[in-house]
Amino acid sequence: MPELPEVEVLRRDLESRLPKPARISRIHFFAPKLRTPLQLPTALEKASWDVLAIGRRSKFLIFETNHGILISHLGMSGYWRVEAALNLIKHDHVVLQWKSGEFWVYNDPRRFGVFEFYPSIDKVKWFSRLGPEPFTDEFMSDAVVRSMRSSGRAIKSIIMDAQVMVGVGNIYASEALFRAGINPFKSGRKVPYKKMDELRRVIRTTLLNAIKGGGSSIRDYVHAGGEKGRFQDKHLVYGREGKSCVKCGTIIQSRKCQGRSTFWCRVCQS
DNA sequence: CTTACCGCCTGTCGGC
DNA sequence: TGCCGACAGGCGGTAA
């Protein structure tokens, strides 16, 4: 369920809730597995973990610890919650038991999420072919616009391709394309350089504004304390099929783009 | 090489 | 009421 803004909001939330000292006394796993098996190296099964920082790469949370890193991906339906006393419910898969007595619990009904240990960040197979983060200098390089224009696929598929750039999922793809005035189905090769450069900037500001708004809560997404995001109230096209375009009043369209619902205004976007 | 489509899962919702 | 299909913030594998 989360795209970059939701994961970043969660990251900040969790980091601010880190107990002091930030020591995990035990990590518990519950069957069944997520996308990948839940397991730690035997030598670390009973270890305590000092959490040095909580980072993010793409849509992954990264718990940096004295033993290596623990990565968490929320898939489509995952969330973390912070509890003073452990109260397990259906679909809980991972529990971080803190020395402070708190519990951080990962719950994921659809089990598309991931929770894995790696000795270091360069060993994470999921990170090996990722494109640039939207808030870096690299994202502003000519190479990114060139890569966005180098494919004949629909531009929406291109900006959702993590090898081109990370963080843009199904909601923000439609939102950014509306804000940039580009039809989601337009071939990347047919978007002029200047227009593509504008789209890149719009993606950045859209994601940034979504973070400021606490992310989008369409159905499942909540912060670690259970609060919802507010950015869904700022959606201009996503989920607005049949309603009026906020700019011109034309009825918002919806159609599948490679299996994902896509929303746009046929007048404002060309 | 490219690109569209299919699984992976559970839960919810709308139509009949 | 219940059943059944469609759909849901992701992403890798695969077939053409």
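In what follows, chains carry the letters A, B, and so on, assigned in the order in which the sequence lines appear, proteins first and then strands, with residues in each chain numbered from 1.
Annotation: salt bridge (charged side-chain N to carboxylate O under 4.0 Å, His left out) contacts of R26(A) (sequence neighbours excluded): none. Qualifying side chain to side chain contact (heavy atoms under 4.5 Å, CB included) partners for S120(A), counting only residues two or more places apart in sequence or in other chains: D122(A), K123(A). Listed by chain and number, the residues in a side chain to side chain contact (heavy atoms under 4.5 Å, CB included) with F127(A) are R57(A), F60(A), I62(A), I71(A), I121(A), V124(A), L130(A) (sequence neighbours excluded). For K234(A), the side chain to side chain contact (heavy atoms under 4.5 Å, CB included) partners are F231(A), not counting sequence neighbours. Residues passing the side chain to side chain contact (heavy atoms under 4.5 Å, CB included) test with R149(A) are V145(A), Y193(A), M196(A), sequence neighbours excluded. Under the rule for a salt bridge (charged side-chain N to carboxylate O under 4.0 Å, His left out), the partners of E8(A) that lie at least two apart in sequence or sit in another chain are R11(A), R12(A), R56(A).
T206(A) places a side-chain N or O within donor-acceptor distance of the main-chain N or O of V202(A), the cut-off being under 3.5 Å.
Between C265(A) and T250(A), the shortest heavy-atom distance links the atoms SG-CB, 4.1 Å.
I218(A) places its CD1 atom 11 Å from the P atom of dG10(C), with the value rounded to the nearest Å. One atom, NZ of K156(A), and another, P of dT3(B), lie 16 Å apart when rounded to the nearest Å. For the pair F112(A) CZ and dG7(B) P, the interatomic distance rounds to 13 Å; values are reported in whole Å. Going from atom CZ of R189(A) over to atom P of dT2(B) covers 10 Å, rounded to whole Å. For Y172(A) and dA8(C), the OH to C1' distance is 15 Å, given to the nearest whole Å. Protein atom CG of D108(A) is 16 Å distant from nucleotide atom P of dC8(B), rounded to whole Å. If you take OH of Y79(A) and P of dG10(C), they are 19 Å apart, rounded to a whole angstrom. Residue L34(A) contributes atom CG, which lies 22 Å from atom P of dG7(B) at whole-angstrom precision.
Look at the C1' atom in both dT10(B) and dT1(C): the space between them is 22 Å, to the nearest Å. The same atom, C1', is picked in dG11(B) and in dG12(C); the two are 23 Å apart, to the nearest Å. Taking atom P on both dC8(B) and dC3(C), the two are 24 Å apart, rounded to the nearest angstrom. Annotation: dC7(C) and dC5(B) have their P atoms spaced 14 Å apart (nearest Å).
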Any chance you could lay out the side chain to side chain donor-acceptor pair (under 3.5 Å) test for Q97(A) and H28(A), step after step, and finish with the verdict? CA-CA 8 Å; Q97(A) 180 178 354; H28(A) 307 269; 2.7 Å; yes
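Residue K256(A) is in sugar-phosphate contact alone, with no base atom involved, counting any heavy-atom pair closer than 4.0 Å across all strands shown.
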Which atom pairs link the protein and nucleotides 4-6 of chain B when you take only N or O atoms and keep those under 3.5 Å?
unit_1, atom_1, unit_2, atom_2, d
dA4(B), OP2, Q258(A), OE1, 2.2

Any N/O pairs under 3.5 Å between the protein and nucleotides 10-13 of chain B? List them or say none.
unit_1, atom_1, unit_2, atom_2, d
dT10(B), OP1, R111(A), NH2, 3.3
dT10(B), O4', P109(A), O, 3.3
dT10(B), O3', H91(A), NE2, 3.0
dG11(B), OP1, K90(A), NZ, 3.2
dG11(B), OP1, H91(A), NE2, 2.6

With the criterion being N/O to N/O and under 3.5 Å, what pairs connect the protein with nucleotides 11-15 of chain C, and how long is each?
unit_1, atom_1, unit_2, atom_2, d
dC11(C), OP1, H73(A), NE2, 2.7
dC11(C), OP2, K59(A), NZ, 3.1
dC11(C), O4', R35(A), NH1, 3.4
dG12(C), O4', R35(A), NH2, 3.2

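In secondary-structure terms, DNA chain C builds stems of at least 3 consecutive Watson-Crick or G-U pairs, each pair having both distances under 3.5 Å, at B:2-8 with C:10-16, B:10-16 with C:2-8.
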For residues 223-230 of chain A, tabulate all N or O donor-acceptor pairs below 3.5 Å that involve a side-chain atom, not counting sequence neighbours.
unit_1, atom_1, unit_2, atom_2, d
H223(A), NE2, G214(A), O, 2.8
R230(A), NH2, K212(A), O, 3.3

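With hydrogens and angles left out, the side-chain atoms of K156(A) and S174(A) include no donor and acceptor closer than 3.5 Å.
Atom CG of D233(A) has more than 12 neighbouring heavy atoms from other residues, nucleotides or ligands inside a 6.0 Å radius.
Pairs of residues two or more places apart, or lying in two chains, that qualify as salt bridge (Lys or Arg N to Asp or Glu O under 4.0 Å) and include a residue from residues 87-102 of chain A are R81(A)-D92(A).
A cation-pi arrangement is absent between R204(A) and F135(A), since the terminal nitrogen or guanidinium carbon is not both under 6.0 Å from the aromatic centre and inside a 45° cone about the axis.
Close to dC7(C), at under 4.0 Å from its OP1 or OP2, lies no side-chain N or O of S261(A).
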